[in-house]
Amino acid sequence: MQAKISVRNLLMQAFLTGWTKTDRTIPQDEYLESAIRVIEMMQVDPESIYVEEGLGLLDGDEVDHLDDMVRADGVWLYYGVEAENFFLLQWYPDQVAASEKITQLEELGDGVQYAVDLTLKRDNQENKAENFGLSTPNQLRS
């Protein structure tokens, strides 16, 4: 049986990995909340997730597909182009294939790319972000 992870958890792991690549002057919860709040639209397939960012959803709206399940084996690669307000999570069967793709994307020089670390843990474990993806302004505050 193939290992699975929810889109919600994969996104959180992608954002946690992104935070580890910063200078960490922004508190982790603030970084995660700002990454979550700008999601406007998401398309999900078992091996890829495409997300458009912007001003976020209107109050009362919610991001679709957060509970969908995707592969948890192999390597997920994050590729985002801030100037174009999108990011993509793409699954690769192994680290070699993911590294080859990272090299190709680095040559483009227009975005940020990294392998998602699925083993990272949040600093603030009490805040489980149960309302991840809701547009309510206090969505991540317990």
Completion exercise
Applying salt bridge (Lys or Arg N to Asp or Glu O under 4.0 Å) to Asp67 and not counting sequence neighbours gives Arg8

Problem - Criterion side chain to side chain contact (heavy atoms under 4.5 Å, CB included) on Gln13 and Leu120, from CA distance to verdict - result: CA-CA 7 Å; Gln13 293 306 121; Leu120 293 174; 3.7 Å; yes

Exercise for the section: Please list, chain by chain and in numerical order, all residues satisfying side chain to side chain donor-acceptor pair (under 3.5 Å) with Gln2, sequence neighbours excluded. Expected result: Lys4

Handout entry: Shortest non-hydrogen contact between Ala115 and Val75, atoms and distance
Key = CB-CG1, 3.9 Å

Handout entry: Spacing of Ile36 atom CD1 and Leu32 atom CG [to the nearest 0.5 Å]
Key = 6.0 Å

Handout entry: With Asp117 via side chain to side chain donor-acceptor pair (under 3.5 Å) - residues at least two apart
Key = Thr119

Exercise for the section: With the side chain counted from C-beta on, respond yes when Val51 and Phe86 share a heavy-atom pair under 4.5 Å apart, and no when they do not. Expected result: no

Completion exercise
By side-chain contact (heavy atoms from CB on, under 4.5 Å), Thr22 pairs with (sequence neighbours left out) Trp19, Arg24, Tyr31

Problem - Euclidean distance, Leu11 CG relative to Ile49 CD1, rounded to 0.5 Å - result: 5.5 Å

Problem - 4.5 Å side-chain heavy-atom contact, Arg122 and Leu16 - result: yes

Atom pairs and distances, donor-acceptor, side-chain atoms in residues 87-96, under 3.5 Å, two or more places apart:
residue: Gln90; atom: NE2; partner: Glu47; partner atom: O; Å: 3.1
residue: Trp91; atom: NE1; partner: Asp73; partner atom: O; Å: 2.6
residue: Trp91; atom: NE1; partner: Asp73; partner atom: OD1; Å: 3.4
residue: Asp94; atom: OD1; partner: Val96; partner atom: N; Å: 3.2
residue: Asp94; atom: OD1; partner: Ala97; partner atom: N; Å: 2.8
residue: Gln95; atom: NE2; partner: Ser99; partner atom: OG; Å: 3.2

Completion exercise
Distance col, row Leu108:CG vs Thr103:OG1, nearest 0.5 angstrom, shows 11.5 Å

Fill in the blank from the handout: When rounded to the nearest 0.5 Å, the distance separating CG of Leu77 from CD of Glu100 is 12.0 Å

Problem - Residues which pass side chain to side chain donor-acceptor pair (under 3.5 Å) with Glu52, listed by chain and number, not counting sequence neighbours - result: Tyr50

Handout entry: Counterpart residues, side-chain contact (heavy atoms from CB on, under 4.5 Å), relative to Glu106 (two or more places apart)
Key = Ile102, Gln113

Practice task
Using the side chain to side chain donor-acceptor pair (under 3.5 Å) rule, collect all pairs that involve residues 75-84, keeping only residues at least two apart or in two chains.
Solution key: Tyr79-Asp110

Exercise for the section: Kindly give the heavy-atom pair with the smallest separation between Ile5 and Leu10, and that separation in Å. Expected result: CD1-N, 3.8 Å

Practice task
Might you work through the side chain to side chain contact (heavy atoms under 4.5 Å, CB included) test for Met42 and Val7, ending with a clear yes or no?
Solution key: CA-CA 10 Å; Met42 184 166 35; Val7 169; 3.8 Å; yes

Practice task
Measure the CE-OG distance between Met12 and Ser6 for me, rounded to the nearest 0.5 Å.
Solution key: 9.5 Å

Problem - Smallest separation among heavy atoms of Phe15 and Ile39, with atom names - result: CZ-CD1, 4.3 Å

